[in-house]
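The model shown is predicted, which means the values in this text are computed figures rather than measured ones. Naming convention: chains lettered A, B, ... in sequence-line order (proteins, then strands); numbering from 1 in each chain.
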Amino acid sequence: MHGEVMVNYWLMKSELDVYPWSQLVEDKTTHWDGVRNYQARNIMRDDMKNGDWVLFYHSNCKPPHVAGVAKVCKEGYPDFTAQDPESKYFDEKATPENPRWIMVDIEAIKEIEAVGLPELRANPSLEGMPLLQRGQRLSVQPVSAEHFAVVCQMGGLNSNCL
DNA sequence: GCCAACGTTGGC
DNA sequence: GCCAACGTTGGC
């Protein structure tokens, strides 16, 4: 409409002991392999675009928390680990013709002060955030622009400065 | 370690 | 296409 590029916001979960934020900082960028859920795959395949912002979330730790802000730097392409028999993410149904699973690359942008799940739950301005919904367990999920800004603020980062 | 909430699989 | 059994996620 106004010639502006539409930017979207996402939250991606990583288990702290599998791939922590500190590792992404060290690597600078990484490919988000191992997602084996169709809903999450479809988001990566269809919706995530270069330049989209990502909240990097640590799950399976106490407390679970948002640890940093990342950015999509490569759009959806085949998750090659699905075709690697040596990989723990191997899927015999994945082929070069039909890769079945998709990943994106993300790039570390900015660390924030850890914002714990209890804090997130306690903040009224985050009402309706998918992460906080009962029973949700999608490892890649949408975040509204407003919620993204609030979470950054809670972590000591003014998202306007990104 | 428990278990609620899903998602997937496969027999019918 | 239903649905029971099973597997996984992930907070607690």
Peer 1: Could you tell me the boundaries of the chain A footprint on DNA chain B, defined by atoms under 4.0 Å from its heavy atoms?
Peer 2: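 The contact span of chain A on DNA chain B goes from B/dA4 to B/dT8.
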
Peer 1: Side chains of residues 147-156 of chain A: which donor-acceptor pairs under 3.5 Å do they make with residues two or more places apart or in other chains?
Peer 2:
unit_1	atom_1	unit_2	atom_2	d
A/His147	ND1	A/Ser144	OG	3.4
A/His147	NE2	A/Ser125	O	3.3
A/His147	NE2	A/Glu127	O	3.4

Peer 1: At 4.0 Å (heavy atoms only), tell me whether A/Lys62 reaches a base, stays on the sugar-phosphate, or touches nothing.
Peer 2: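 Touches nothing.
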
Peer 1: Check A/Gly51 against A/Val7 and note the closest heavy-atom contact, atom names and distance.
Peer 2: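 Minimum heavy-atom separation between A/Gly51 and A/Val7: O-CG1, 3.7 Å.
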
Peer 1: Mind telling me whether A/Phe56 and A/Trp21 have parallel, tilted or perpendicular rings, with 30° and 60° as the class edges?
Peer 2: perpendicular

Peer 1: For A/Asp91, give me all partners under salt bridge (Lys or Arg N to Asp or Glu O under 4.0 Å), at least two apart in sequence or on another chain.
Peer 2: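 A/Asp91 satisfies salt bridge (Lys or Arg N to Asp or Glu O under 4.0 Å) with A/Arg100 only.
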
Peer 1: Taking the side chain from A/Asp52 and the backbone from A/Asn8, do they hold a donor-acceptor pair closer than 3.5 Å?
Peer 2: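 Checking the backbone N and O of A/Asn8 against the side chain of A/Asp52, a donor-acceptor pair under 3.5 Å is found.
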
Peer 1: Contact class for A/Gln39 vs. all strands (heavy atom < 4.0 Å): base, sugar-phosphate, or nothing?
Peer 2: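 Here A/Gln39 touches the backbone only, sparing every base.
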
